[in-house]
Amino acid sequence: MWWRDAVVYQIYPRSFQDSDGDGVGDLRGIVERLDYLSWLGVDAFWLSPIYPSPLADFGYDVSDYTDVDPRLGKLDDFDSLIAGAHDRGLRVLLDLIPCHTSIEHAWFREHPDWYIWSPVDGPPNNWTASFGGSAWSPDPESGRWYLHSFYPEQPDLDWRNPKVVQAMQSVVRFWRRRGADGFRLDAIDKLVKDDRLRDDPPASGRFPLPLQAEAAKLDHVYSGNRPEAIEALRALREAAAPDALLVGEVYQPTQQYARYLDVIDLVFAFEFLFAPWDAARLRAAIEPAAALGRVAWVMSNHDFDRLASRVGQENVRPAAELLLTLPGTAFIFQGDEIGLPNGPGANPPLDRAARDPMRHPMQWNASPNGGFTTGEPWLPPIDPQERNVETQREDPSSLLHFYRRLIESRRSLGESFRLLNSPPGLLSYERDGRIVTIEVSTK
Ligand code: NOJ
C-alpha cells in the first residue's frame with residue numbers, strides 16, 4: 001500500500017509543459033519535468049485524460065480509450081513517460097472515465113445497446129445533467145433520446161450490459177500492462193442508474209456540495225449513487241488487480257463514501273474541498289472524513305476554484321500545511337505549489353461550464369509564456385513574472401520550498417490522528433504525539 005501516506009500531484013496535461021511548440025502541453029513535456037516532481041518529493045502523479053477526444057469536455061469525452069490524443073503524443077511517449085517515472089520511483093495514475101464516452105466514440109454507432117435510451121419519444125423522467133438542463137437529448141442521427149449525466153456530447157454507458165463491463169475491463173488491463181499504477185475513476189456515483197428510470201424526488205434537504213440551480217431542486221437518488229454501482233466497481237477492481245490504486249470521484253456527501261470504500265481504495269473528500277476557510281467548518285468536514293480512514297484529501301482540481309483564489313493568497317501556507325498534515329493520502333493540483341490563482345480564462349470561453357480559469361498553463365520561469373511553450377499557448381499564462389517555479393526554487397523562503405519541506409516532513413508524522421479542542425480561528429490536531437496547529441484566521 002505505497003499510497004497510504006502518499007502525495008499525489010495532479011497534472012492537467014494540456015497545461016503542464018509543451019514540448020513541440022503547438023501551444024498545448026504534451027506527454028514529452030511531462031517527461032522533461034519529471035525531475036521537478038522528484039525534487040518536489042511527490043510519490044505519484046495523476047494525469048487528467050490523455051485519450052483522443054473531440055474536447056467537448058476537454059478529454060473527459062473519450063473517443064478511444066486505448067490510445068493517446070495525437071496533440072498530446074503517442075503510445076510510445078506514454079511508454080517513455082512510464083519508464084522515466086518508474087526510474088525515479090514515481091507512480092503514475094491515469095484518469096478512467098467509465099460512466100460515459102464521447103458521442104464520437106465508435107461504440108455509440110457500433111453498439112447502441114451499450115448506451116441508455118429512453119423508452120419513449122422524449123425524456124422519460126426529470127433527471128438533470130450535471131452541467132444543467134435535462135439529462136436526455138435526441139440523437140441527431142436516429143432521433144432516439146439517450147441519457148447523458150454531463151454534456152450532451154457524453155452519452156452514458158449502460159453498466160447493466162455485461163459487454164460494457166468487459167469492454168471497460170479490457171481498457172483497464174491495457175493500461176496496466178503498459179505500466180499504469182492505478183486510476184482516478186471519474187464520476188463513479190453516476191455509473192449505474194435506476195433500472196426503472198424513476199423520477200428523482202424533490203430535494204429533502206441541503207446537499208452539501210455545489211450543484212447547478214436546477215439539479216439542486218432534486219434528490220438524485222435514482223439518477224445515480226445506486227447500490228449496484230459497487231458491483232460495477234468490483235469488476236474494475238478485478239481487472240486492475242489488488243495492487244493498483246483506485247481513487248474515486250464520488251460527488252456525494254462524506255456519509256455516502258463507506259460502501260465505495262469496500263471496493264476501491266480512496267474517495268476524494270469533497271466536503272473538505274468545499275469547506276470555506278473557517279476553523280469550525282473545516283473541522284466539521286475533516287472529522288467524518290478522517291474517521292473513514294481512507295479519503296484522498298484534496299483542496300482543488302481542474303473543476304473548481306484554485307486554492308489560492310478560494311482561500312486567498314494570505315492563507316496559502318496554512319492551507320498547504322493543513323492539506324499535507326492530515327492523515328492519509330493528499331492530492332495537490334499543479335500550480336498550487338507556487339500559489340497560482342484562477343486566471344481570466346478565454347474569451348469566448350472554451351469550456352461551457354466556465355472552468356477555463358483553473359486550467360491556465362504552469363509557470364516555469366519569468367518569460368512571457370512562463371516557459372510553458374515556445375508557441376501560442378492554448379490559454380494565456382496568468383502572471384509568470386510574479387510567480388514561477390524557477391524563481392521560487394532559488395528562494396528557500398518561497399511557497400514552493402514550503403510545500404517541499406511539508407512533503408518531506410510528513411514522512412515522520414506517524415499514523416494516529418486526533419482533533420483537539422481549539423480556540424476560534426485555530427484548528428489543532430495531534431499526530432502521534434505531535435500537535436499541529438493551523439491558523440485559520442481570515443483577514
Ligand atoms: C469530473 C471531471 O473532473 C470533470 O472535469 C468532467 O467534466 C466530469 N467529471 C465529467 O466527466
Side-chain angles (χ1 to χ4, degrees), residues 8-16 45-65 69 93-105 108 115-116 127-133 135 137 146-157 159 168 171 183-193 209-212 215 220 223-225 229 233 236 246-252 260 264 266-270 273-274 296 298-306 331-334 336 342 345 349-360 379:
V8 183
Y9 185 93
Q10 180 191 353
I11 293 181
Y12 195 71
R14 292 177 62 82
S15 301
F16 195 57
F45 55 90
W46 146 35
L47 298 172
S48 276
I50 58 169
Y51 321 105
S53 163
L55 302 186
D57 192 8
F58 286 86
Y60 287 91
D61 48 325
V62 179
S63 52
D64 182 352
Y65 285 93
D69 189 299
L93 305 184
L94 287 182
D95 211 315
L96 187 74
I97 299 97
C99 172
H100 47 262
T101 69
S102 159
I103 198 162
E104 293 181 33
H105 196 299
F108 192 65
Y115 294 83
I116 299 174
W127 295 356
T128 55
S130 297
F131 296 135
S137 289
Y146 63 90
L147 180 68
H148 54 85
S149 295
F150 295 91
Y151 287 130
E153 293 92 333
Q154 295 167 295
D156 280 23
L157 286 162
W159 274 77
M168 209 53 82
V171 170
F183 299 90
R184 175 262 189 191
L185 304 174
D186 186 73
I188 50 174
D189 53 313
K190 295 281 186 189
L191 204 53
V192 181
K193 293 85 179 167
L209 310 175
L211 291 175
Q212 285 271 333
H220 301 266
S223 56
N225 202 26
L233 290 169
L236 290 180
L246 297 182
V247 46
E249 186 203 27
V250 178
Y251 200 73
Q252 291 289 329
Y260 291 88
I264 64 174
L266 296 168
V267 171
F268 287 113
F270 275 116
L273 186 153
F274 290 112
V298 60
M299 293 189 100
S300 70
N301 66 28
H302 61 292
D303 290 330
F304 307 108
D305 283 334
R306 275 192 166 275
F331 278 64
I332 299 174
F333 181 37
Q334 70 176 50
D336 281 354
N342 284 358
L350 299 169
D351 176 53
R352 278 137 58 198
R355 294 168 297 178
D356 299 333
M358 303 68 139
R359 300 173 176 181
H360 285 266
L379 274 176

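Counting begins at 1 with the first residue of the sequence. Just so you know, these numbers use all the heavy atoms, side chains as well, and skip hydrogens, waters and symmetry mates. First listed ligand is number 1; within each ligand, the first listed atom is number 1.
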_Part of His148 with heavy atoms under 4.0 Å of ligand 1, whether side chain, backbone, both or neither_ = neither
*Pick one of side chain, backbone, both or neither for how Phe131 approaches ligand 1, counting any non-hydrogen atom pair under 4.0 Å.*
side chain
Check each atom of ligand 1 against the heavy atoms of [X] and keep those under 4.0 Å away; list them by number with element.
| X | result |
| --- | --- |
| Arg355 | 4 (C), 5 (O), 6 (C), 7 (O) |
| His302 | 2 (C), 3 (O), 4 (C), 5 (O) |
| Glu249 | 1 (C), 3 (O), 9 (N) |
| His100 | 10 (C), 11 (O) |

*Between Tyr60 and Phe150, is the gap from one ring center to the other below 6.0 Å?*
no
*Does the ring center of Phe268 lie less than 6.0 Å from the ring center of Trp46?*
yes
_atom 7 (O) of ligand 1 [closest protein heavy-atom partner, distance rounded to 0.1 Å]_ = Asp57 OD2, 2.5 Å
*Which residue holds the protein heavy atom closest to atom 3 (O) of ligand 1, what is that atom called, and what is the gap in Å?*
Asp303 OD2, 2.5 Å
_SB check Asp57 Arg355 (cutoff 4.0 Å)_ = yes
*Salt bridge flag under 4.0 Å for residues Asp156 and Lys190*: no
*Take Ile116 and His100, measure what side-chain contact (heavy atoms from CB on, under 4.5 Å) needs, and give me the verdict at the end.*
CA-CA 10 Å; Ile116 299 174; His100 47 262; over 6 Å; no
*Could you please spell out the steps behind the ring-ring contact (aromatic ring centres under 6.0 Å, His included) verdict for Phe331 and Tyr9?*
CA-CA 6 Å; Phe331 278 64; Tyr9 185 93; over 10 Å; no
*Heavy-atom nearest neighbour of atom 2 (C) of ligand 1 within options Ile188, Asp186, Ile97*: Asp186
*May I ask whether Met358 places a heavy atom under 4.0 Å from ligand 1?*
no
_To the nearest 0.5 Å, what is the distance between CE on Met358 and CG on Asp303?_
7.5 Å
